[in-house]
Visitor: 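The structure follows.
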Amino acid sequence: MNDEQQPQFESAKSEVQRKTLDQREQMNELMRLRHSCAHILAAAVLRLWPDALLDIGPPTEEGFYYDFDLKHRFTPEDFPKIEEEMRKITKENQVFEKSIQTRAEALAYFEGKGQTFKVQRMGDIPEGEAISFFKNGEFVDLCAGPHVMRTGNVKPGGIKILKVASAYFRGNEKNPQLQRLYGTAFKNKEELDNWLLMQEEARKRDHRKIGTEMGLFAMDPEYVGPGLPLWLPKGTVLVEELERLAKETEFQAGYVRVKTPHLAKEKMYKTSGHLPYYAESMFPPIEMLEEDERKKRDALTERRADLIQLAEGMGKAIAPNPSGYTEEQVRHDIQKLETEITLLGGRYYLKAMNCPHHHRIFAAEPRSYRDLPLRLAEYGTCYRYEQSGELFGVMRVRSMNMNDAHIYCTAEQFAEEFRAVNEMYLKYFKIFGLDRYQMRFSTHDPARLGQKFVNEPELWKKTEDMVRQVLIESGINYVEVANEAAFYGPKIDVQVWSAIGREFTIATNQVDFAVPARFGLTYRDRDNTEKTPLCIHRAPLGTHERFIGFLIEHYAGNFPLWLAPEQVRVLTLNDEAPLVEYAKSITAELRAQFVRVEGDWSANPVKAKIADAETSKVHTMLVVGQRDLEAGVVSVRLHGKGNVGAKPRGEVVADLLASIRERRA
């Protein structure tokens, strides 16, 4: 396989995060097998290239990898030799033996071996956590496990090296560049072969390949910038059809639409809590001060400098203090001035998420319990500074249009609103023919309240119980995952599988009981008291970019009629004037009903016209000849299915319009 044909893995500029001991205990049999294969890979490389320096080798969803530093540059020609050595190690049936070392012993071991990356990795192990080694044969690695019992548990026919890529140590471009060998492993050769066949089909369906061939989108890193897609006319059809679907569905569900700007003051994101914690994923701030703000900032800055000088003098006990300030009062005033300067509003950020803007819309008017639930919806444009190595077609971009909405409701309304959101998902799954899906319900860790999660134990329990109950009552397939909630509430990641069995995360639901309070959002309840609403963040269709990327691969570009960029093409058997006029009248009739229809009444042979329409993935071809003209019928062909027969013109038009209106699969 050449580089363009390789399966897609996480960016080689990133690395799998070190698992906690609890997460390791939850690793399934296949993940343990792949983890063991990473060790077998490292052992094989050391046998072939003893001077190799080792970094890390975790299992992944697709297989495993190991990072190496050595003078030899790996090429695909090396893969058979490495695989053969790995097979030898499996046949040796080596035991995976665990041992515990002190930190000093572990450091001494790796320093003695010259394994400098392992020495640095020692710092990743929390103080108090046991430092464990795993040994199989002559190979010893720093590892917390778990593994299979023996290398013989790995079937030789179930292993394959897939690709090599460059990878920065710790995922940081400032660090040394290593070589990453990717591999995969399955329980047996049959499972591996089936997976490889699926990967071959996935390569044919690669959204970047099909998107280019169909003229859906373009990337222009030189002039526009990396990760900033340009939607071409045919791709824009997909964008607008999805948006129309969302608007109709949300209107029927009682949502109201809003529009918000593409940027906001720094104060917005400090209040929401996204700054400073989310800063690395946001574009750098834009410095922009109005004249009166600039003057105020200068005055505040000068006053702060005077107080800092006064505080320094107090600390040295050399300066007179005629003001009567205590040192504590001075430092309090310095802090207050720094806050005023920060919140003055001279820094703007491109919008990375829509929720803070929607919170301000809620706050724009007095609210009563009679106004709730309030469902604010927007296809909002967001900007996130994804690392260059993480950009991937339109699936991972820096500019995105999100099918976003925020539902403000009372605790009593929450269950019904959350249930309605789930029903909306199920409706979309049916429209797009998604039979396999799973909701990944992420909860909090009580031990990390006040650190990773908002310190509201009662609200966490209450909202998690409500979400769990709704999922159970709705009969929705879900799994529960601890310690992966958002900082402000439980969340659900929506996993779907495409037509060929590839898994995608397309959307996220989140319950938020913290941020509305940070913005001071309240409504007046029946008892005339002010209360803070709960907020449900939901985006069933995710972003245009990611969802369209998924749909391209799901349908392989063969979109259903309602979604197809070119829905119909009218073809004539020849270019005689009466026949052309008949074809044009059909085209005009369809265009009057806003059907995306084109015509080809050239002198080209009809077989060539059909072949061109097939290549262009036109959903329906209407072929007309002299007999069709005389009988008032048209011959219908469907993309990839061929001729389905001649039908009366009016019947064909009516059926096309009904199929589009009903969004038939």
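Just so we're clear, the structure is a prediction, and the values are computed from it rather than from any experiment.
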Visitor: Taking atom OH of Tyr385 as the centre, does the number of heavy atoms from other residues, nucleotides or ligands within less than 6.0 Å exceed 12?
Guide: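 Counting other residues, nucleotides and ligands, OH of Tyr385 stays at 12 neighbours or fewer.
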
Visitor: Indicate yes or no: at least one non-hydrogen side-chain atom of Thr381 is less than 4.5 angstrom from one of Met400.
Guide: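 No, side chains not in contact.
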
Visitor: Using modelled atom types only, decide if a donor and an acceptor are shared between the side chain of Arg546 and the backbone of Thr505 within a distance under 3.5 Å.
Guide: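 Yes, the answer is positive, given that a donor and an acceptor are paired below the 3.5 Å cut-off.
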
Visitor: Any carboxylate oxygen within less than 4.0 angstrom of a Lys/Arg side-chain nitrogen, looking at Asp493 and Lys491?
Guide: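 Lys491 and Asp493: salt-bridged.
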
Visitor: Answer whether the closest heavy-atom distance between the side chains of His207 and Met395 falls below 4.5 Å.
Guide: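 They are in side-chain contact.
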
Visitor: Salt bridge check, Glu423 against Lys427: does any charged N sit closer than 4.0 Å to a carboxylate O?
Guide: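 Not counted as a salt bridge, because no side-chain N and carboxylate O are separated by less than 4.0 Å.
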
Visitor: Are His359 and Tyr408 close enough that their ring centres sit under 6.0 Å apart?
Guide: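 Between His359 and Tyr408, the centre distance is under 6.0 Å.
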
Visitor: Would you check if the side chain of Arg347 reaches a backbone N or O of Glu266 as a donor-acceptor pair within less than 3.5 Å?
Guide: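 Checking the backbone N and O of Glu266 against the side chain of Arg347, no donor-acceptor pair under 3.5 Å is found.
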
Visitor: Using a 4.5 Å cut-off on heavy atoms from C-beta on, say whether the side chain of Cys535 contacts that of Ile407.
Guide: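 They are not in contact (no side-chain heavy atoms under 4.5 Å apart), so the answer is no.
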
Visitor: Any chance you could measure Glu480, atom CD, to Ile492, atom CD1, to the nearest 0.5 Å?
Guide: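 Spacing of CD (Glu480) from CD1 (Ile492) equals 10.0 Å.
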
Visitor: Going through the checks in order, is the side chain to side chain contact (heavy atoms under 4.5 Å, CB included) test met by Met268 and Tyr349?
Guide: CA-CA 9 Å; Met268 174 87 91; Tyr349 281 85; over 6 Å; no

Visitor: Show, in sequence, the C-alpha distance, side-chain angles and deciding distance for Glu503 and Gln495, and conclude whether the side-chain hydrogen bond (donor to acceptor under 3.5 Å, both in side chains) test is met.
Guide: CA-CA 7 Å; Glu503 183 181 359; Gln495 317 289 128; 3.0 Å; yes

Visitor: Is Val494 close to Tyr478 at the side-chain level, that is, under 4.5 Å between some pair of heavy atoms?
Guide: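 The answer is no; the side chains never approach within 4.5 Å.
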
Visitor: So, Tyr379 versus His544, ring centres under 6.0 angstrom or not?
Guide: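 Yes, ring centres under 6.0 Å apart.
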
Visitor: Taking Arg384 for its side chain and Ala352 for its backbone only, find out whether a donor-acceptor pair lies under 3.5 Å.
Guide: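 Judged by distance alone, yes, a pair lies under 3.5 Å.
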
Visitor: Please walk me through it: do Glu62 and Thr60 pass side chain to side chain contact (heavy atoms under 4.5 Å, CB included)?
Guide: CA-CA 5 Å; Glu62 297 275 68; Thr60 69; 4.2 Å; yes

Visitor: Assess whether a salt bridge exists between Arg170 and Asp124, defined as any Lys/Arg side-chain N lying under 4.0 Å from an Asp/Glu carboxylate O.
Guide: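 Looking at Arg170 and Asp124, the cut-off is met.
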
Visitor: For Glu287, is the CD atom crowded, meaning more than 12 foreign heavy atoms sit under 6.0 Å from it?
Guide: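 Yes, CD of Glu287 has more than 12 neighbouring heavy atoms, counting only those of other groups under 6.0 Å.
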
Visitor: Compile the donor-acceptor pairs under 3.5 Å between side chains in residues 447-462 and protein atoms, sequence neighbours left out, one pair per line.
Guide:
from   : atom 1 : to     : atom 2 : distance (Å)
Lys452 : NZ     : Asn483 : O      : 2.8
Trp460 : NE1    : Val454 : O      : 2.7
Lys461 : NZ     : Asp465 : OD2    : 2.8

Visitor: Inspect the contact between Glu530 and Arg367 and indicate whether a charged nitrogen and a carboxylate oxygen are less than 4.0 angstrom apart.
Guide: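 A salt bridge is absent here (no side-chain N lies under 4.0 Å from a carboxylate O).
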
Visitor: Go through the steps for Glu241 and Arg596 under the test salt bridge (Lys or Arg N to Asp or Glu O under 4.0 Å), then give the verdict.
Guide: CA-CA 12 Å; Glu241 284 295 341; Arg596 296 182 290 277; 2.8 Å; yes

Visitor: Does some side-chain heavy atom of Arg664 sit less than 4.5 Å from a side-chain heavy atom of Trp562?
Guide: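 No, their side chains stay 4.5 Å or more apart.
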
Visitor: Distance check, rounded to the nearest 0.5 Å: Leu307 atom CG versus Gln335 atom CD?
Guide: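 Between atom CG of Leu307 and atom CD of Gln335 there are 12.0 Å.
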
Visitor: I would like to know whether Phe362 and His406 meet ring pair (Phe, Tyr, Trp, His ring centres under 6.0 Å); could you show each step before the answer?
Guide: CA-CA 10 Å; Phe362 184 96; His406 296 88; over 10 Å; no

Visitor: What closest approach, in Å, do Phe217 and Gly211 show between heavy atoms, and which atom pair accounts for it?
Guide: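 Shortest heavy-atom separation between Phe217 and Gly211 comes out as CE2-CA, 3.8 Å.
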
Visitor: Looking at side-chain heavy atoms only, is the closest gap between Phe547 and Asn403 below 4.5 Å?
Guide: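 Side-chain contact under 4.5 Å: no.
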
Visitor: Between Tyr425 and Ala507, what is the shortest heavy-atom contact and its length?
Guide: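 Nearest pair, atom of Tyr425 first, then Ala507: OH-CB, 3.5 Å.
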
Visitor: Run the salt bridge (Lys or Arg N to Asp or Glu O under 4.0 Å) check on Arg244 and Glu240 step by step: do they pass?
Guide: CA-CA 6 Å; Arg244 182 178 293 113; Glu240 292 183 343; 5.3 Å; no

Visitor: Would you mind checking if Arg375 and Glu417 are paired as a salt bridge, meaning a charged N to carboxylate O distance below 4.0 Å?
Guide: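 Salt bridge between Glu417 and Arg375, a charged N being under 4.0 Å from a carboxylate O: yes.
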
Visitor: Kindly write out the residues that satisfy salt bridge (charged side-chain N to carboxylate O under 4.0 Å, His left out) with Glu386, not counting sequence neighbours, or none if the list is empty.
Guide: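 Glu386 satisfies salt bridge (charged side-chain N to carboxylate O under 4.0 Å, His left out) with Arg396 once adjacent residues are dropped.
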
Visitor: Does any non-hydrogen side-chain atom of Leu551 lie less than 4.5 Å from one of Leu563?
Guide: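 Leu563 reaches Leu551 side chain to side chain.
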
Visitor: To the nearest 0.5 angstrom, please state how far the CG atom of Leu300 sits from the NZ atom of Lys336.
Guide: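 Separation between the atoms: 11.0 Å.
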
Visitor: Grab the two heavy atoms, one from Leu238 and one from Phe559, that are nearest each other, plus how far apart they are.
Guide: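 Of all heavy-atom pairs spanning Leu238 and Phe559, the closest is CD1-CZ, 3.9 Å.
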
Visitor: What's the separation between atom CD1 in Ile476 and atom CD in Gln438, rounded to the nearest 0.5 Å?
Guide: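 Spacing of CD1 (Ile476) from CD (Gln438) equals 12.0 Å.
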
Visitor: Taking the six-membered ring for Trp, are Tyr488 and His537 ring centroids under 6.0 Å apart?
Guide: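 Yes.
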
Visitor: In Å, rounded to the nearest 0.5 Å, how long is the span from CD1 of Ile506 to CG of Leu434?
Guide: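 Between atom CD1 of Ile506 and atom CG of Leu434 there are 6.5 Å.
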
Visitor: Verify, without hydrogens or angle tests, whether Asp525 (side chain) and Asp527 (backbone) share a donor-acceptor contact under 3.5 angstrom.
Guide: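 A pair under 3.5 Å: no.
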
Visitor: Side chain to side chain contact (heavy atoms under 4.5 Å, CB included) between Phe414 and Ile536: does it pass, once the steps are laid out?
Guide: CA-CA 8 Å; Phe414 173 82; Ile536 301 172; 3.7 Å; yes

Visitor: For Asp371 and Pro366, which heavy atoms make the closest approach, and how far apart are they?
Guide: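 The pair with the smallest heavy-atom distance is OD2-O, 4.0 Å.
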
Visitor: How far apart are the closest heavy atoms of Ala246 and Leu541, and which atoms are they?
Guide: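 Minimum heavy-atom separation between Ala246 and Leu541: CB-CD1, 4.1 Å.
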
Visitor: Answer yes if the ring centres of Tyr369 and Tyr523 are under 6.0 angstrom apart, and no otherwise.
Guide: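 No, the ring centres sit 6.0 Å or more apart.
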
Visitor: Taking atom types as modelled, find out whether Gln469 and Glu473 have a side-chain donor-acceptor pair closer than 3.5 angstrom.
Guide: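 There is such a pair (donor and acceptor under 3.5 Å, judged by atom type) between the side chains of Gln469 and Glu473.
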
Visitor: Which distance, rounded to the nearest 0.5 Å, do you find between the NZ of Lys270 and the NZ of Lys265?
Guide: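 Lys270 NZ to Lys265 NZ: 14.5 Å, rounded to 0.5 Å.
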
Visitor: After noting the C-alpha distance and the side-chain angles of Tyr383 and Leu263, does the key distance pass the side chain to side chain contact (heavy atoms under 4.5 Å, CB included) rule?
Guide: CA-CA 9 Å; Tyr383 304 87; Leu263 75 171; over 6 Å; no

Visitor: Before giving the answer on salt bridge (Lys or Arg N to Asp or Glu O under 4.0 Å), spell out for Arg538 and Glu250 the whole-Å C-alpha distance, their side-chain angles and the decisive distance to 0.1 Å.
Guide: CA-CA 12 Å; Arg538 44 108 292 181; Glu250 289 163 1; 3.0 Å; yes

Visitor: For the side chain of Glu545 and the backbone of Asn401, is there at least one donor-acceptor N/O pair under 3.5 Å apart?
Guide: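 It does hold such a pair.
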
Visitor: Would you mind reporting whether His358 and Thr260 have side-chain heavy atoms less than 4.5 Å apart?
Guide: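 Contact flag for Thr260/His358 side chains = yes.
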
Visitor: Can you see which heavy atom on Cys355 is nearest to which on His274, and at what distance?
Guide: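 In terms of heavy atoms, the two residues are closest at SG-CE1, 4.1 Å.
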
Visitor: Distance alone, cut at 3.5 Å: any donor-acceptor contact between the side chains of Thr443 and Glu464?
Guide: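 There is no such pair between these side chains.
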
Visitor: Is it true that Arg257 and Glu378 make a salt bridge, defined as a side-chain N closer than 4.0 Å to a carboxylate O?
Guide: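 Salt bridge: no.
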
Visitor: Within the side chain of Asp512, is there an N or O that forms a donor-acceptor pair under 3.5 Å with the backbone of Val515?
Guide: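 Judged by distance alone, yes, a pair lies under 3.5 Å.
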
